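Note on naming: letters A, B, ... go to the chains in the order of the sequence lines (proteins, then strands), and numbering restarts at 1 for each one. Worth saying up front: this structure is predicted, and the values here are computed from it rather than measured.
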Amino acid sequence: MSDTISSTHILDELEWRGLVQQVAGPDLREHLSRSRVVYAGFDPTADSLHVGSFIPLMTLRRFQQTGHRPIALVGGATGMIGDPSGKSEERNLLAEDVLHANVEGIQRQLRRFLDFSGPHAAVVVNNYDWMKEFSYLQFLRDIGKHAPLGMMLAKESVRARLESEAGLSYTEFSYMLLQGYDFVHLARTYGCTVQLGGTDQWGNITVGIDLARRLDGVQLYGLTGPLLTRADGVKMGKTERGAVWLDPEKTSPYAFYQYWINVADEDVGHCLRYLTELDAATIAELDAARAEAPHLRQSQKRLAEELTRIVHGEAGLAVARHATEIFFGAEIENLDDRSLSDIFADVPSRELPRTRLEEGLSLIDALVESGLASSKGEARRTIQQGGAYVNNIRRTELGTVLTPADLASESMMVLRKGKKRYALLRFPTS
RNA sequence: GGGGGGUUUCCCGAGCGGUCAAAGGGGUCAGACUGUAAAUCUGAUGGCUCAGCCUUCGCAGGUUCGAAUCCUGCACCCCCCA
């Protein structure tokens, strides 16, 4: 194993960021003073990772950057069971084909965050690859025999569920043993000695450590980090429209960028530490700037910028920024259909025959057709009150008639009502 | 079974023969302010071919020049007595 290790000790790095919650093993600091193999698991509950997986993902990255080798495990097998940790109810099982597609999608994404070359090249594994070899009997004889029931029953995650009305099925109960065995397998195969996870993973991690000691007589280590929550305790990464995904198809770079721009002042400090790769001095400066001039929102802007760059690249960041300018009032002109659709990906759109525009479409009708106004009366009111915009230009003339000259691109027009409500009208040529 | 009260525009709630598309509040929508926050302030808030017209006040009839308002019946809700 390579000993090229960064002068920065990973634990120091994680500690100042507040990413160390609990540590398992005799002397993790000493253990990590040499290059090690570390792993974190990701649940294939969807075909993309979301913000909830962001902390472990970035933590793996930090390990790699300080000279350790990261393994990202996708739970193709464990995903068939469902992790009961922190869940109040029995989970529904995913169909196998869905699960398979999810594993593929997540593997593809993981590759964007980790470096697969060099002395500490990352590895992506799927636990289905080794779990599928096991027969039930074999698993019971080889693994189950070494898992004391008392210890497993004592786990907080199990106790909570046993006492609840929902109860806990044998299947979900077995989950921790499967994950525990993953750790054993990775230790045997890759020399992996450290497992990372959120605080909710503590129980599963310790099962693995215990199992490895009993089966192979080796000492493994565990490290849990915080969950990404807001000051009021609500999990971050959820919006009215659903989860914030890392996949640009599911959450556009613009929407992603906006999510971070809108993080509350009291949460942004944590986010900067947990999720970005900015150094301590830079973050301290941002903290100071935020205390002094909160209205400038420098922290949020920097956060959004850093994260969008990591997740969507420079190009994605550029799109997000351009979209932001436009969304906040910049006049829309000289754009093509393609970039307009990108920018307004999340905005409702409506297609109308081109002839409507060629004949002259009244602004009142356009507002109603686009769904921005529910009646002509409302449309009229909006125009009179100065709340109607075409391509971000305010139009106050009640009798305004739109023609092909008002198109923002080849075939699209951007209507806006008030500050933020947009709608796209498309007038295809054919 | 008997007696009383109620049903109003998205919600709550005033109106009790014309001046009622119907007070007030909430919500919503604009505008101003602002940090893409919160609060605040201003305006709007049935529909339309919009200085006019049409449709709304539980439902169906009736009285009247004129009804959300009066009468009759029906439906539903609440309270009191049995």
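Remark: A:Ser349 engages A:Arg426 in a side-chain hydrogen bond (donor to acceptor under 3.5 Å, both in side chains) (not counting sequence neighbours). Annotation: side-chain hydrogen bond (donor to acceptor under 3.5 Å, both in side chains) contacts of A:Arg394 (sequence neighbours excluded): A:Tyr389. Applying the salt bridge (charged side-chain N to carboxylate O under 4.0 Å, His left out) criterion to A:Lys301, with sequence neighbours excluded, gives no partner residue. Legend: residues meeting side chain to side chain contact (heavy atoms under 4.5 Å, CB included) with A:Phe327, ordered by chain and number and at least two apart, are A:Tyr254, A:Ile343, A:Phe344, A:Val347, A:Tyr422. The ring pair (Phe, Tyr, Trp, His ring centres under 6.0 Å) check on A:Tyr175 picks up nothing, with sequence neighbours excluded.
In RNA chain B, runs of at least 3 stacked Watson-Crick or G-U pairs (N1-N3 plus N6-O4 or O6-N4, or N1-O2 plus O6-N3, all under 3.5 Å) give these stems: B:1-7 with B:75-81, B:10-12 with B:24-26, B:27-32 with B:40-45, B:46-48 with B:52-54, B:58-62 with B:70-74.
With distances taken from any side-chain atom of A:Lys420 to the nucleotides B:rU36, B:rA30, B:rG47, the minimum falls on B:rU36.
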What are the atom names and distances for every N/O pair under 3.5 Å that joins the protein to nucleotides 52-57 of chain B?
none

I'd like a table of atom pairs between the protein and nucleotides 42-45 of chain B - only N or O on both sides, under 3.5 Å - with the distance next to each one.
from, atom 1, to, atom 2, distance (Å)
B:rG43, N2, A:Gln385, OE1, 3.0
B:rG43, N2, A:Gln385, NE2, 3.4
B:rG43, N3, A:Gln385, OE1, 3.4
B:rA44, O4', A:Gln385, OE1, 3.2
B:rA44, O2', A:Arg381, NE, 3.2

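Comparing the C1' positions of B:rG66 and B:rC74 gives a spacing of 26 Å, expressed to the nearest Å.
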Taking distance alone, no hydrogens or angles, what donor-acceptor pairs closer than 3.5 Å link side-chain atoms of residues 95-104 of chain A to residues at least two apart or in another chain?
from, atom 1, to, atom 2, distance (Å)
A:Asn102, OD1, A:Asp47, N, 3.2
A:Asn102, ND2, A:Pro44, O, 3.0

For residues 316-324 of chain A, tabulate all N or O donor-acceptor pairs below 3.5 Å that involve a side-chain atom, not counting sequence neighbours.
from, atom 1, to, atom 2, distance (Å)
A:Arg321, NH2, A:Glu305, OE1, 2.8
A:Thr324, OG1, A:Gln258, NE2, 3.2
A:Thr324, OG1, A:Ala320, O, 2.7

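Legend: salt bridge (Lys or Arg N to Asp or Glu O under 4.0 Å) pairs involving residues 221-231 of chain A, not counting sequence neighbours, sorted by first then second residue: A:Arg230-A:Asp232.
Nucleic acid contact class of A:Lys417 (heavy atoms, under 4.0 Å, all strands): sugar-phosphate only.
Of the possible polar contacts, one joining the A:Glu410 side chain to the A:Asp337 backbone as a donor-acceptor pair under 3.5 Å is found.
Of the residues in residues 386-396 of chain A, those placing a heavy atom less than 4.0 Å from an atom of RNA chain B are A:Gly386, A:Gly387, A:Tyr389, A:Arg394, in numerical order.
An OP1 or OP2 oxygen of B:rA30 is reached within less than 4.0 angstrom by no side-chain nitrogen or oxygen of A:Thr382. Checking the phosphate oxygens (OP1, OP2) of B:rU49, a side-chain nitrogen or oxygen of A:Lys376 falls inside 4.0 Å.
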